[in-house]
Amino acid sequence: MAACQWGDAEKRLIGILKSIAVPFVRVSALRKVLFLDVLLDEMNSMTQELEQFDVLVIGAGSGGYIASIRAGQLGLRVACVEAAPYADPKGEPRPGGTCLNVGCIPSKALLSSSEEFENIRKHSRAHGIHVEGVTMDVPAMISRKDAIVTKMAQGIEYLFRKNKVNYLKGRATVLGRVGDAFDVAIAQNVRARHLVIATGSLPRQLPGIAIDNVDVCDNAGALAFQAVPNRLAIIGAGIIGLELGSVWRRLGSAVTIIEALPQLLPMCDTEVAREMHKLMSAQGLEFQLGARVSGLERNPDGTQKLTYSDASGTTQSLVCDKLVVAVGRVPTTADLGLGSIGVEISDRGFVEVDQHCRTSVEHVYAIGDVVRGPMLAHKAEDEGVMVMERIAGQAGHVNYDAIPSIIYTSPEVAWVGRTEQELKEAGIDYRAGKFPFSANGRALGNGDTSGFVKVLADAKTDTVLGVHIVSTSASEMIGEAAMAIEFKAAAEDIGRISHAHPTLYEAIREAALATGTGALNL
Ligand code: FAD
Ligand code: NAD
């Protein structure tokens, strides 16, 4: 492990020597006698030495900032560099990456505000509560969201200081290898024994549809509207399409989602995707599935005209006030200088890594959205912890089979492990057990009985292979299922664990029982 080139004590000594030396160096004779020329040359070259680190983490998003904190905990001399200011008032690079600044946290804040609004307006009556004249102050909702983001960004800077992470601001470009280290240009060049590439991803763009983040937006613009658009069109019925479509529909937008595939949420279990299509349509989201977008015209009145062919091939047009493009994300590897050290990049732009996030170059790792696997904040974090533990000589690992996914609509969708279609494709013999929330007492009390739990278990060993939940609290319930898969539990194990009554998560037990001896309450 490389130690720092110059510690604080040495730097202070150089400062003292320089301050003593300056009055003398003007006297050439004395300079020669005292060998000050030699001394000053040496000191200058010493102060120009690159700052050195055990590890340099490029990107302060979910993966990079957590990796840096873990490195600090492990006693590594670590620096983390970030380039993007996001909404920082001073325009300085801000930590937190996509998730904190324009992703998970702001979207969940808006989902929460809009759900409160909808509950008061539409669902409180069923509880006997009558509220008249409810309005939404959109700028106040956006300010609340911004304040949460600012607070959390400050929290990361505090955690960096607490864990001795050197936070560097600027765009990092890898310059090349020098001996057993790597030189990286930021504002000043730095040198590190290990690199962790955590540069994340950016929204995928569609040809002919230029994003301005005012009228034609990606996720960043769609999280910052200052008024409710009357007509909102979204391209892509994936996770962002459904989450942000829900936010603005709840506040009053007429939302149309245009999806290329014949079903929405292609990453989900097909039965879950079908259920969500039914539930989201009932809430008022309009879907055009199997559609192909062909063009966008900007009208003089500020509206947009989107042209697409529908599932039957008929050309259609849709006029909207705002358009959101949410068709997936692409890894950020361009202009990073990875070619200078020979790091392999896939055809689709991802950094190639093994199961421990090692790249093709020794001592260079890559984590998070910039590598294979689901583009999820907790997956990036888990990889960051694993990589730092391995750099420190420990045996960190990630169980990729047990990473949960959640869609924060209402009801929420959550799953971990395999889908039914994946098990069928793999030729794995399985049993499915399902339990609806319409048979769950707590769901009835809460006034929302939509959705179900589905447990998939190996037909021979009873090992839990996948759990899929559609429910208001699916995001909290999925933890039990992730633990079951991590510990290789059998469905019978879940069935025998005491589940408190009345709770929503009793439905997980019932679905587990339904794979074998049968549910008790159905
Ligand atoms: P990022 O968070 O993208 O961070 C990478 C950082 O590296 C960026 O800040 C970038 O500026 C910086 N960088 C890039 N190049 C350089 C360079 N050369 N020099 C210096 N810095 C550089 N995931 C969830 O798990 N749950 C959710 O609820 C969720 N909601 C989301 C909602 C939205 C709208 C979006 C868009 C995403 C959401 N995600 C969610 C996904 C999640 O945001 C990402 O998976 C996560 O941010 C990936 O973390 P990362 O560290 O790999 O990359
Ligand atoms: P996505 O992959 O979830 O969905 C993209 C959708 O766009 C897909 O249904 C796809 O078929 C469709 N599509 C692609 N090209 C199209 C085209 N030309 N015309 C019409 N439809 C097209 O991507 P996203 O919603 O942009 O989100 C990006 C990523 O961010 C997600 O994959 C996820 O990893 C992450 N994210 C996670 C969460 C969460 O965890 N709750 C929330 C938001 C985003």
Side-chain angles (χ1 to χ4, degrees), residues 57-67 80-86 93-108 110-111 168-174 184-186 196-207 209 218-220 222-223 234-245 257-268 273 288-294 308 324-338 366-371 373-381 383-384 403-409 412-414 475:
V57 181
I58 304 180
S62 310
Y65 96 77
I66 287 291
C80 182
V81 53
E82 174 56 55
Y86 297 103
R94 196 185 217 191
T98 302
C99 175
L100 172 55
N101 291 286
V102 287
C104 330
I105 300 298
S107 59
K108 266 81 258 180
L110 298 190
L111 278 156
L168 309 177
K169 298 178 181 181
R171 182 158 297 280
T173 309
V174 181
V184 178
I186 310 173
V196 178
I197 315 300
T199 48
S201 62
L202 291 166
R204 189 162 80 81
Q205 304 217 2
L206 292 178
I209 300 187
D218 57 26
N219 52 297
L223 289 163
I234 301 178
I235 308 179
I239 309 187
I240 294 179
L242 261 62
E243 287 188 354
L244 295 185
I257 305 186
I258 295 173
E259 165 63 46
L261 295 176
Q263 70 161 65
L264 48 81
L265 297 176
M267 66 297 289
C268 288
Q288 286 292 331
L289 302 178
R292 183 173 287 268
V293 173
S294 49
Y308 64 95
V324 174
V325 180
V327 293
R329 297 179 63 84
V330 290
T332 312
T333 44
D335 305 327
L336 197 53
L338 293 180
I367 59 171
D369 282 9
V370 81
V371 303
M375 286 186 169
L376 295 172
H378 43 286
K379 175 261 194 186
E381 293 182 11
E383 289 180 334
I403 295 175
S405 295
I406 298 161
I407 305 172
Y408 294 81
T409 42
E412 296 174 337
V413 177
S475 58

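Atoms within a ligand are numbered from 1 in the order they appear, just like the ligands themselves. Just so it is clear, the structure is predicted and the values come from calculations on it, not from any experiment.
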Closest to atom 38 (C) of ligand 2 (heavy atoms only, candidates Ile239, Leu265, Asn219, Leu206) is Ile239
In terms of its nearest heavy atom to atom 20 (C) of ligand 2, the top option of Cys99, Gly328, Ala260 is Ala260
Geometry only, no angles: is [X] polar-contacting ligand 1 at N/O separations under 3.5 Å?
| X | value |
| --- | --- |
| Cys99 | yes |
| Leu336 | no |
| Ile58 | no |
| Glu82 | yes |
| Ile240 | no |
| Met375 | yes |
| Lys108 | yes |
| Ala377 | yes |

Roughly how far, to the nearest 0.5 Å, is the [atom2] atom of [Y] from the [atom1] atom of [X]?
| X | Y | atom1 | atom2 | answer |
| --- | --- | --- | --- | --- |
| Leu338 | Thr173 | CG | OG1 | 10.0 Å |
| Arg171 | Ile58 | CZ | CD1 | 10.5 Å |
| Ile258 | Tyr308 | CD1 | OH | 5.0 Å |
| Leu376 | Asp369 | CG | CG | 8.0 Å |

Determine yes or no for a side-chain-to-main-chain donor-acceptor pair under 3.5 angstrom, with [X] supplying the side chain and [Y] the backbone.
| X | Y | answer |
| --- | --- | --- |
| Arg204 | Val330 | no |
| Asn219 | Gly103 | no |
| Lys169 | Val81 | no |
| Glu381 | Ser62 | no |

Taking all heavy atoms of [X] and all of [Y], pick out the closest pair and write down the distance.
| X | Y | answer |
| --- | --- | --- |
| Asp218 | Pro203 | OD2-CG, 3.5 Å |
| Thr98 | Ser201 | OG1-O, 3.9 Å |
| Leu289 | Pro262 | CD1-O, 3.3 Å |
| Ala220 | Val102 | CB-CG1, 3.8 Å |
| Leu244 | Ala222 | CD1-CB, 3.8 Å |
| Cys104 | Ala377 | SG-CB, 4.0 Å |

Starting from [atom], find the nearest protein heavy-atom neighbour and note its residue, name and distance.
| atom | answer |
| --- | --- |
| atom 30 (O) of ligand 2 | Arg329 CD, 3.8 Å |
| atom 11 (O) of ligand 2 | Glu259 OE2, 2.6 Å |
| atom 5 (C) of ligand 2 | Ala326 O, 3.5 Å |
| atom 40 (C) of ligand 1 | Cys104 SG, 3.2 Å |
| atom 21 (N) of ligand 1 | Ala83 N, 3.3 Å |
| atom 15 (N) of ligand 1 | Thr199 CG2, 3.4 Å |
| atom 7 (O) of ligand 2 | Gly236 CA, 3.4 Å |
| atom 7 (O) of ligand 1 | Gly59 CA, 3.2 Å |
| atom 19 (N) of ligand 2 | Ile235 CG2, 3.6 Å |
| atom 4 (O) of ligand 1 | Gly61 CA, 3.3 Å |
| atom 4 (O) of ligand 2 | Gly238 CA, 3.2 Å |
| atom 2 (O) of ligand 1 | Thr98 N, 2.9 Å |
| atom 13 (N) of ligand 2 | Val327 CG1, 3.8 Å |
| atom 45 (O) of ligand 1 | Asp369 OD1, 2.8 Å |
| atom 53 (O) of ligand 1 | Gly200 CA, 3.1 Å |
| atom 33 (C) of ligand 2 | Met375 O, 3.5 Å |

Any heavy atom of Ser201 under 4.0 Å from ligand 1? The part involved is backbone
| task | Using a 4.0 Å heavy-atom threshold (strictly under), name the region of Ser107 that reaches ligand 1: side chain, backbone, both or neither. | result |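 The answer is the side chain of Ser107.
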If we only consider heavy atoms of [X], is any one of them less than 4.0 Å away from an atom in ligand 1?
| X | value |
| --- | --- |
| Pro203 | no |
| Val102 | yes |
| Tyr86 | yes |
| Val81 | yes |
| Arg329 | yes |

Self-check item: Any Lys108 heavy atom less than 4.0 Å to ligand 2
Solution: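 Within the 4.0 Å threshold, so yes.
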Notebook entry, point to check: Does Met267 reach ligand 2, in the sense of a heavy atom lying below 4.0 Å from it?
Noted result: yes
With heavy atoms of [X] as the reference, note each atom of ligand 1 found under 4.0 Å away.
| X | result |
| --- | --- |
| Ala84 | 11 (O) |
| Gly97 | 2 (O), 4 (O), 9 (O) |
| Ser62 | 2 (O), 46 (C), 47 (O), 49 (O), 51 (O) |
| Gly368 | 52 (O) |
| Asn219 | 34 (C), 36 (C) |
| Ala198 | 5 (C), 6 (C), 7 (O) |
| Arg171 | 15 (N), 16 (C), 17 (C), 18 (N), 19 (N) |

Using a 4.0 Å heavy-atom threshold (strictly under), name the region of [X] that reaches ligand 2: side chain, backbone, both or neither.
| X | result |
| --- | --- |
| Glu412 | neither |
| Ile240 | both |
| Pro266 | side chain |
| Glu243 | side chain |

| task | Within a distance under 4.0 Å of any heavy atom of Arg204, pick out the atoms of ligand 2 and give their elements. | result |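 It comes down to these atoms of ligand 2: 14 (C), 15 (N).
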